[in-house]
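Below you'll find the structure, written out as structure tokens, and then a few comments.
Every chain is numbered from 1 and lettered A, B, ... according to where its sequence line falls, protein lines coming before strand lines.
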2 protein chains.
Amino acid sequence: MKASQSFLATLKEAPADAEVVSHKLMVRAGLIRKLSAGIYNYLPLGLKSIRKVENIIREEMNRAGAIELLMPMIQPAELWQETGRWEKMGPELLRIKDRHERDFLIQPTSEEVVTDLARNEIKSYKQLPVNFYQIQTKFRDERRPRFGIMRGREFSMKDAYSFDRDVEGMKQSYQMMFDAYTRIFKRMGLKFRAVTADNGAIGGSGSQEFHVIADTGEDAIVYCPNSEYAANLEAAESASVLVERGDATEAMQKIATPNQTSCADVAQFLNVSLEKTVKSLLFAVDQAEGPAKLFMLLIRGDHELNEIKASKIPGMAESRFATEAEIVRACNAPAGYLGPVGLSAEVTVVADHTVANMADFVCGANEAGHHLTGVNWVRDLAEPLVMDLRNAMVGDPSPDGKGSLDICRGIEVGHVFQLGTRYSEAMGCTYLDQQGKSQPMVMGCYGIGVTRLLGAAIEQGNDERGIVWPISMAPFEVVICPMNYDKSDGVKTTADQLHEQLMAAGIDVVLDDRGERPGAMFADWELIGVPFRVVVGDRGLADGLVEFKGRTDAESQNIPLAQIKDKVIAEVQKAKELMA
Amino acid sequence: MKASQSFLATLKEAPADAEVVSHKLMVRAGLIRKLSAGIYNYLPLGLKSIRKVENIIREEMNRAGAIELLMPMIQPAELWQETGRWEKMGPELLRIKDRHERDFLIQPTSEEVVTDLARNEIKSYKQLPVNFYQIQTKFRDERRPRFGIMRGREFSMKDAYSFDRDVEGMKQSYQMMFDAYTRIFKRMGLKFRAVTADNGAIGGSGSQEFHVIADTGEDAIVYCPNSEYAANLEAAESASVLVERGDATEAMQKIATPNQTSCADVAQFLNVSLEKTVKSLLFAVDQAEGPAKLFMLLIRGDHELNEIKASKIPGMAESRFATEAEIVRACNAPAGYLGPVGLSAEVTVVADHTVANMADFVCGANEAGHHLTGVNWVRDLAEPLVMDLRNAMVGDPSPDGKGSLDICRGIEVGHVFQLGTRYSEAMGCTYLDQQGKSQPMVMGCYGIGVTRLLGAAIEQGNDERGIVWPISMAPFEVVICPMNYDKSDGVKTTADQLHEQLMAAGIDVVLDDRGERPGAMFADWELIGVPFRVVVGDRGLADGLVEFKGRTDAESQNIPLAQIKDKVIAEVQKAKELMA
């Protein structure tokens, strides 16, 4: 392909609203242009990268036995009312009315439509399992779209939905998708990690996210450097950092701690380690009648509460912080001096695993300006309910026992879910089993953010000159930069010939025929991030040489003209094999 | 590919709402399923055909130098307000509000967005010409969606937009697209015709439609069997059927014609040929002040008024039939007795070319129950304004002088437009010419209905057993039907081997591994319309033979097993070459 026919649209300046490097570089490299908040045009080079991503996904989905179909963008509200998502989803679901004032929506995902299709088309166990997927435009009306196409409103997603006879089958389908995703991201040449995730609003039992590792990622990932263990911070299990509960060695004492309301202040005031203190957090859950039900959650002073975990405490799915009035009612003390000792029985006390193993600890005394020291379970207060309530921290023991945890940042690009029967039961999506009995199909669903992958790859691969693509996603594999293309017949002939030869060999090559000056030409292609560059100039040709350079190489190499074709083919091949 | 992995979903019965054969067959063959009125799921086989169509379009668009990009489905109203289409378009434009109550729409086409892109990205004549295209989902909120995907609401369209320096360049771009379209529809193996079209609401100067010829088509196409001349009935030129005006031979007479109000009745009553009569039609155009302006249009009694042509009479762009009061005011007679003789000067008389050449004709007398005979121009009434006002008819002389016209029916699948500067001027889409002067870009736009093409191909190709695809669009090129696949090792081995061999040879082959009985198996594949079928059975194998049959062949042929691979490859090749 010739550059003059590729609509290059590089820019010197990034747009003012670009906060992250991928957004800046995608606009500057001429891959995307904003049409409206969170809505982008994909320029020719951006679309080329998207198509490469789509093709890898399609090949691996097909290889895993999934079947491609296409569901509509615009879907009737009725189906979404059957599952309750029409009412339950917030304004990120774009609801519309057609000319007859009937309710429709623009698909953010397609669980309802695919389940409707399955209940209409699949009657017998003989037709199961089946796994349908589509690569299709989605819309989510984000309140604050940002980061370019990473958190856009209109985007392209691959969504797949498996239907199985039973949970065992669903787990097999899930594993096949997990393996396919692993191949997909590997073939794309990305550093990624599969992490255990919380299920979020979609419902269901087990799920994992695939994250591209990048320092600029939105999500914190807790992982074990020595094993495959990795989890979203929200979902990472936190064991007790204390192997077992210590013995009581101190008497419990009430000590005046005027104006010391945080654990850090109290520890400093009492000259004890922060690890001796316990934070007491009071939550309320409103009831249909009467006062709200209260919960006191106990976390070690140096730990952080994980709200997702807290929401899994029985009865706490929808809680809020207690009001000042509720605090005084329960503890007879202002916030900052709360604690679990001598608490009214109407408050449920839940301690994190670590707190449950603490001895001689410090907590609020339920009296303004006072804390208790030397507090011990059983002796001073009843055994609490014990659960995992805190965020994992660097240095925590890995739940698989294979070392201690570290935390990195990632960008979620894929998600696999064990949905179970949440949708099939709501929508009557059943089949007849071998005994002729009606059974709900057991579902899984599997998403990959196609357009977001471009942004994630750039967050992972960039330098001060521009994008550093993995070869599988680059809009071109190789660029030929001829010097004085318009003036030197030798250069033109050589460059044209190499271009033809590489195209014939199946290399995705672009010839820069624009006649730009070398500096501007090189800068453009480094910004765009083409992995390999061949420079053809009169000076080199006089010695029978051309220049070859990888995008991240410090220096270019002089290669005999007679060998350059094979050199390029070999280098492209090698780069691709690294990802196979 | 194996049938068991292709999600076959054939049906015995067509849906009750299916009016046309393509709709019935697409549902019965398991290509589509309705989700909502005019909104369809594309099942795996339907999507396969769509992808084949898309690939042909893409290859030929690229060959013609067009550049693919992707514009958003959801577009902001502001751009459409710049061109006035936000206000002008009816409810088929689906308008939506986002969560911030901002106005958006779902694209029915993308003139505004691509023009916005061009004005932002293109500054100099050096960047022109350029032709952008996309293959993207569109939505038009049809009042009465019907005919399956032929007149659906959500559909896929290839839309291209060319930008040129001047009209001359635009005409070249237009011609390149015209040629590309010709190659595209030829490669698809369709009988089609390019016809001159009216420009419709999109505005601009010249345009042509590409129609797939089918008896069930919605549009009447006027064409000359001896030449390339073809036009939409709305746009076909109609010359006078009388070479020149005859001489007056009769005196004008007023004759009582009680209760004879139509030309046919009057002709019979007077015992003259219908071709001697003139129909007088009174139209009104409302004015800002005062009474409506009136026009009397004259058509020969056996001709039909063409309302599109009438709307091109100066001042008649927005007309309506005159009211009874207006008729009486102008003619002093009720409808049925109107005529151009002795008419008030406030009425503009416009005669069709044929009427202008008539002599001794019959028309209403502007007196209830009376007509005039022997009416002649100049002698009895002033020369009228003369224009082409009627629909073309079978037997009319072709405007290119190469014979007489015929009429067939077609389905519009493509449209090429010379847009000119309608959008670029409205949106300030300009470039600097070689003199540094700002000029509006001159645009063309070019559409192909991707999903509609499937329906059109089926309207053209079907029989009582199902679809008869052109090989380029069929979901599979060849099906292998093994008899007793599950029971006969010989059959299974042979069928599996042939399947592998044909796949390796690049043939799009499906192996029916479902274990269906022969009758049901054959019926499914004939319904789906796979062009070639190979039957492998124990009886034939005993003699070293398999059966080969083309979809429309009356009989199958016995082919030696050793030759079947080459036979299939040769037949597929031959079928494709017929379309190259």
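Residues A/Thr10 and A/Arg28 have side chains not in contact (no heavy-atom distance under 4.5 Å, counting atoms from C-beta outward). Between A/Arg140 and A/Thr109, the closest side-chain pair of non-hydrogen atoms falls below 4.5 Å.
With respect to chain A, the highest number of heavy-atom pairs below 4.5 Å among B/Arg33, B/Gln5, B/Gln134 belongs to B/Arg33. Ranked by non-hydrogen atom pairs under 4.5 Å with chain A, the options B/Val114, B/Thr137, B/Val113 are led by B/Val113. Counting heavy-atom pairs under 4.5 Å between each of B/Arg143, B/Gln75, B/Arg95, B/His100 and chain A puts B/Arg143 at the top. When each of B/Pro72, B/Ser36, B/Gly30, B/Pro44 is checked for heavy-atom pairs under 4.5 Å with chain A, B/Pro72 comes out on top. Across B/Ile74, B/Leu43, B/Ile32, the residue that shares the most heavy-atom pairs under 4.5 angstrom with chain A is B/Ile74.
With a threshold of 4.5 angstrom between heavy atoms, A/Ile106 approaches chain B through side-chain atoms but not through N, CA, C or O. Both the backbone and the side chain of A/Arg99 come within contact range of chain B, with heavy atoms under 4.5 Å apart. The contact between B/Glu68 and chain A is made by backbone and side chain atoms together, counting heavy-atom distances below 4.5 Å. With a threshold of 4.5 angstrom between heavy atoms, B/Tyr40 approaches chain A through N, CA, C or O but not through any side-chain atom. For a residue to count as touching a neighbouring chain, one of its non-hydrogen atoms must lie under 4.5 Å from one of that chain's; by this rule B/Asp116 touches chain A with the side chain only.
Residues A/Tyr431 and A/Phe163 keep their aromatic ring centres 6.0 Å or farther apart. Ring centroid separation for the pair A/Phe132 and B/Phe7 comes in under the 6.0 Å cut-off.
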Where do A/Asp508 and A/Met503 land on the side chain to side chain contact (heavy atoms under 4.5 Å, CB included) test, with the steps shown first? CA-CA 7 Å; A/Asp508 189 7; A/Met503 282 203 298; over 6 Å; no
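Of the possible polar contacts, one joining the A/Ser124 side chain to the A/Lys126 backbone as a donor-acceptor pair under 3.5 Å is found.
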